[in-house]
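Accompanying notes for the structure given below.
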Amino acid sequence: MSDIQDFKALGLSGDMLTALALKGFQTPSQIQALTIPKLLSGDKDLIGQAQTGTGKTAAFGIPIIEKAEDGAEKPQALILAPTRELSMQIAGEINSFKGSRDLRIASFYGGQSIEIQLKLLREGNVDVVIGTPGRIKDLYKRGVLDFSALKYAVLDEADEMLDMGFIEDIEEILGFTAPDKRMLMFSATMPPEVLSIAEQFMQDYEIIRTEMTRLSTELTDQIWYSVKREDKFDALVRILDSEEDLYALVFCRTKGDVDEVVEKLKQQHYPVEALHGDVPQVLRTRVINRFKAKHFPLLVATDVAARGIDVNDLTHVINYSIPQSPEIYIHRVGRTGRAGKEGKAVTFVTPGEVRKIRYIQETIKNEIRKESLPDGQAVISLKKRRFMEKLARVRAGGCDDAYFDFARELLAGEGSAVEHLAAILQDHFKDELLEGKYRDFSGKKKNRAFWENAESAANEVKLLLGVGKMDGFGAVKVMGLFRDIAKIPKTKVGKIDCEDHQAFVFMDGEEAKRAIAAFRADPEAPAIGYAPLTLDEEPSYPEKKEKGKKTRKPERVAATEKKRKPKNWEEKLLADIEMKELRKRSGDKKSAKGKKSASGRKPASGKKPAARVSRRKGR
C-alpha cells in the first residue's frame, strides 16, 4: 500500500484511504488539501479557483462520498458539468472512491438515448447525479429526479458552463434543489457571472484560491512561432510535414476555425477529424474513441469540446489559436510530455499577440522558446532522408522474389531505370518534394507600392470592385476585403489598381471564382465581377507621365453610347458602377453650389452662364 499519511491527516476514513491507495494517491494537491477538511467539518459554501487538471474532482468527490449515506431514497449530490465527456470522467473518478459502499453514481447527458437513462433512474435511487444542465433539467421535468433531499450541489468548470450559455438552465435547476444544501463551485477563472451565481444561490460562502502550479517542462519542449494570421494554415502544414510519427491535438478558438482547418487538411489528404460543440454526441464518441485508439493521428478541437478527454502518448499539442489565459495554456500543454515520454508544445503567435505569449510565459514561470519555422527546402530534405532510411530498412528485411521479378519486368520495358524510379517517386510523393509546395514565410513586406506596381501573371484574371479611393479604399484596404470576406491571403492577390470609385484586382482564375462567390454571398460586400482585360475608356496599365509632357483628358462618352444596352452582365456591372459615380459627382456639384449660395456670396452676373455656353459652343 502506498504511503498516504498526508491524506490521513485530512481526516479521511479507513475505507477512503484504502480506495485512494488502490488508485496510487500519495500526496494531496493544493486544492485538495485546502478543500477536503472544510467540506468534512464546516458548513460554509465554497468557491474553489484552481487550474484545470489539479485534482478538483477529488477535492469535492472525496468529501461527497465520505458524507453520503448508504441506502438513501433520494439523490444526495448533484454535479453539473459543461460537456458529456467531463460528466463521464467525473462519474468514473467518484465511482473509484466509493470502494465497497452501497452507493449508486451515474452520469446523464445528451446524445445517449433518454430511455436508457429513464430506465436507470426507475431501477432505483441514484445517490450522486452527474450531468450536463440540459439533460438534468429534462429529466427533472419528467419527474424522475427529486432534489428535495439534496446535500450538495456542485458546479464544475463553472466559467465554461457560463461561456456556453447554460446560465438560465443552471439557475432553473438550482431553483429545484433543497434550500439547506451546500453549494460548491469550481472554476479556473473567476468572471463576474460566477460571482453573480454565488450571490444568488450561496448563503455564507468562502473563496479558496490556489497558486498557479509551475508547469513541468522536463519532458515538454515549449516553443512559439511568429506567424501572420493568413499564414497559420501553411505554418501548420509545415509542422505536420516536419515531424515524424506525429500524434497531435490541435486547438482552435472557435468552431468555425476548427471546421476550416479540418476541411483544408482533408483536401490535402491528411488523416484528421474535428471536435466541437456542434458535432453530434454519437459522432463525438466515435471520434474520441478512434483518436484514442490511434486510428488517425490528428484531432482539431476547441477547448470546451476537449474538456474531459484523457489521451495518452500525445507527441504534440499545437495551439493554432493562442490560449486566452495562462490557465488554458497549462491545460492544453499539460496533455503532452506525460508518463516519462517526451512531447512538444507549439504555439502560433501573430504579431499582435506577442505581448500575450510573453504574459503567459511570465505567469507560468517557464520558458517558451521562440523559433523560426523550417524552410521548405529543409522539409523536403527531411522527407527525402526519411524515405531513404525507410527503403534501407525494407532492403535489410529482404524483399519477396515476386517483387524482384516485377522490378526486372519494369526495367526490361521502355524507359531507363532512372525514369522508372522517378515515376514511382512522383506517384508516391505527388507535389510534396516540389519547391513550390512550401512558400517563403520570410518574404519582404508587401505594402501599397507592391500591389500598385506588381506584375500580372499569364494565368491571372482581372476583377472589377465597386469601391475605390474616394470611398476610402486604397490598395491595402482592398486587399483586406479579399482577406476578410473571401479568406484569400494577400500572397494570392496580384496587382491592385484603385480609381476614384472602383478598383481593378488581378489574381489567379480559381481564386477569382472563390472571391466572386464569397462577395456575392455577403450582403454588405461591395459589387464585384470580371473586367475585360482592355477597357475602351481607360487602359488597364496607365503609362507613367513623362516630365514636361501634358496628358490629354479622356473624352466624354457620348450620350448615345451611355444609353447603349449592355451585351452581358459584365458590361452591365461596369455601366452600373459608372452611373453611380456620375450621380455622385453630380450630387457633389449641387451640394457645393448650395453651400456657396447659403454663404451669402452673390455669383457674378452673366459670367457663369456665359462660361457654360461658350464651353458647349467650343465643342
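All values reported here derive from a predicted model rather than from experimental measurement.
Heavy atoms of other residues, nucleotides or ligands lying less than 6.0 angstrom from NZ of Lys477 number 12 at most. In the displayed structure, Lys430 atom NZ is contacted under 6.0 Å by more than 12 heavy atoms of other residues, nucleotides or ligands. Around atom CZ of Arg355, no more than 12 heavy atoms belonging to other residues, nucleotides or ligands sit under 6.0 Å away. No more than 12 heavy-atom neighbours from other residues, nucleotides or ligands sit within 6.0 angstrom of CD on Gln426. The 12-atom threshold is not exceeded at NZ of Lys390, counting heavy atoms of other residues, nucleotides or ligands nearer than 6.0 Å. The neighbour count for Phe296 CZ, taken as heavy atoms of other residues, nucleotides or ligands under 6.0 Å away, is above 12. Applying the 6.0 Å contact sphere to CZ of Arg290 captures more than 12 heavy atoms from other residues, nucleotides or ligands.
With hydrogens and angles ignored, the 3.5 Å screen pairs no side-chain donor or acceptor of Ser29 with any backbone N or O of Gly55. Checked by atom type and distance alone, the side chain of Asn319 never pairs as donor or acceptor with a backbone atom of Thr347 at under 3.5 Å. Side-chain N or O atoms of Arg483 include none that pairs as donor or acceptor with a backbone N or O of Glu230 at under 3.5 Å. Asn95 contributes a side-chain N or O that, together with a main-chain N or O of Ala91, makes up a donor-acceptor pair within less than 3.5 Å. A distance-only check finds no donor-acceptor pair linking the side chain of Ser196 to the backbone of Pro192 [under 3.5 Å]. Side-chain atoms of Ser96 come within 3.5 Å of backbone N or O of Glu93 as a donor-acceptor pair. Asp375 places a side-chain N or O within donor-acceptor distance of the main-chain N or O of Ala378, the cut-off being under 3.5 Å. Side-chain atoms of Arg358 never come within 3.5 Å of backbone atoms of Glu353 as a donor-acceptor pair (strictly under, hydrogens ignored). Of the possible polar contacts, one joining the His276 side chain to the Asp278 backbone as a donor-acceptor pair under 3.5 Å is found.
Taking 4.5 Å as the limit, some side-chain heavy atom of Pro82 sits within range of a side-chain heavy atom of Leu86. Looking at heavy atoms from C-beta onward, Ile208 lies in side-chain contact with Thr35 at the 4.5 angstrom threshold. Taking the side chain as every heavy atom from C-beta outward, Ile364 and Ile368 approach each other to under 4.5 Å. Within the 4.5 Å cutoff, the side chain of Ile105 has heavy atoms near those of the Lys98 side chain. Within the 4.5 Å cutoff, side-chain heavy atoms of Leu80 are placed close to those of Met161. Side-chain contact between Ile167 and Ile197: present, with at least one pair of heavy atoms (C-beta onward) separated by less than 4.5 Å. Looking at heavy atoms from C-beta onward, Leu240 lies in side-chain contact with Tyr270 at the 4.5 angstrom threshold. Side-chain contact check for Leu12 versus Leu20: some heavy-atom pair is nearer than 4.5 Å.
No option in Leu155, Val128, Ile136 other than Val128 meets the side-chain contact (heavy atoms from CB on, under 4.5 Å) test with Ile79. A side-chain contact (heavy atoms from CB on, under 4.5 Å) with Lys344 is found for exactly one of Ile223, Thr315, Thr220, namely Ile223.
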field: Test side chain to side chain donor-acceptor pair (under 3.5 Å) applied to Tyr329 and Gln361, step by step
entry: CA-CA 10 Å; Tyr329 179 85; Gln361 179 173 273; over 6 Å; no
field: side chain to side chain contact (heavy atoms under 4.5 Å, CB included) between Thr210 and Leu34, worked out
entry: CA-CA 9 Å; Thr210 62; Leu34 293 172; 4.2 Å; yes
- prompt: Would Phe60 and Tyr152 count as a ring pair (Phe, Tyr, Trp, His ring centres under 6.0 Å) if you check the C-alpha gap in whole Å, the side-chain angles of each, and the deciding distance to 0.1 Å?
  reply: CA-CA 10 Å; Phe60 62 78; Tyr152 293 95; 9.7 Å; no
task: Would you sort out whether Lys487 and Glu260 count as a salt bridge (Lys or Arg N to Asp or Glu O under 4.0 Å), showing the intermediate values?
output: CA-CA 10 Å; Lys487 309 300 181 186; Glu260 181 181 352; 5.7 Å; no
task: Just do the side chain to side chain contact (heavy atoms under 4.5 Å, CB included) check on Leu249 and Val311 with the steps written out, would you?
output: CA-CA 9 Å; Leu249 188 55; Val311 182; 6.0 Å; no
- prompt: Could you go step by step and tell me if Glu206 and Lys38 meet the salt bridge (Lys or Arg N to Asp or Glu O under 4.0 Å) rule?
  reply: CA-CA 10 Å; Glu206 180 181 351; Lys38 293 180 182 295; 3.2 Å; yes
Stepwise salt bridge (Lys or Arg N to Asp or Glu O under 4.0 Å) test for Glu371 and Arg369: CA-CA 6 Å; Glu371 287 193 358; Arg369 190 175 68 259; 2.8 Å; yes
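A distance of 11.5 Å separates OG1 in Thr57 from CD1 in Ile31, rounded to the nearest 0.5 Å. Note that OG1 of Thr302 is 10.5 Å distant from CG of Asp257, once rounded to the nearest 0.5 Å. For the atom pair Leu162 CG and Glu160 CD, the distance stands at 9.5 Å (nearest 0.5 Å). In this structure, NZ on Lys384 lies 6.5 Å from CD1 on Ile380, to the nearest 0.5 angstrom. To the nearest 0.5 Å, atoms CG (Asp522) and CG (Leu481) are separated by 10.0 Å.
Across all their heavy atoms, Tyr320 and Cys252 have their closest contact at CD2-SG, 3.8 Å. Taking all atoms of both residues into account, the shortest heavy-atom contact from Phe186 to Leu184 is CE1-CB, 4.0 Å. Between Arg386 and Ser242, the closest heavy-atom pair is NH2-O, 2.5 Å. Taking each heavy atom of Met507 and Val493 in turn, the nearest pair found is CE-CG2, 4.2 Å. Here the closest non-hydrogen pair linking Arg332 and Val317 is O-CG2, 3.5 Å. Nearest heavy atom pair, residue Ala59 against residue Leu39, reads O-CD1, 3.8 Å.
Using bins of under 30°, 30° to 60° and over 60° for the plane-to-plane angle, the ring pair Phe25/Phe97 lands in the perpendicular bin.
Asp303 and His331 share no donor-acceptor pair across their side chains, judged by distance under 3.5 Å alone. When only modelled atom types and interatomic distance are considered, Thr285 and Arg84 share a side-chain donor-acceptor pair under 3.5 Å.
Here Lys383 pairs with Glu432 in a salt bridge; the nearest charged N to carboxylate O distance falls below 4.0 Å. Ion pairing of Glu273 with Lys266 is present here, as a side-chain N (NZ or NE/NH1/NH2) and a carboxylate O approach within less than 4.0 Å. Under the 4.0 Å criterion applied to side-chain N and carboxylate O atoms, Arg514 and Glu510 are not assigned as salt-bridge partners. Using a 4.0 Å cut-off between charged nitrogen and carboxylate oxygen, Asp313 and Lys294 count as a salt-bridge pair.
The stretch residues 221-266 participates, sequence neighbours left out, in these ring pair (Phe, Tyr, Trp, His ring centres under 6.0 Å) pairs: Tyr247-Phe291.
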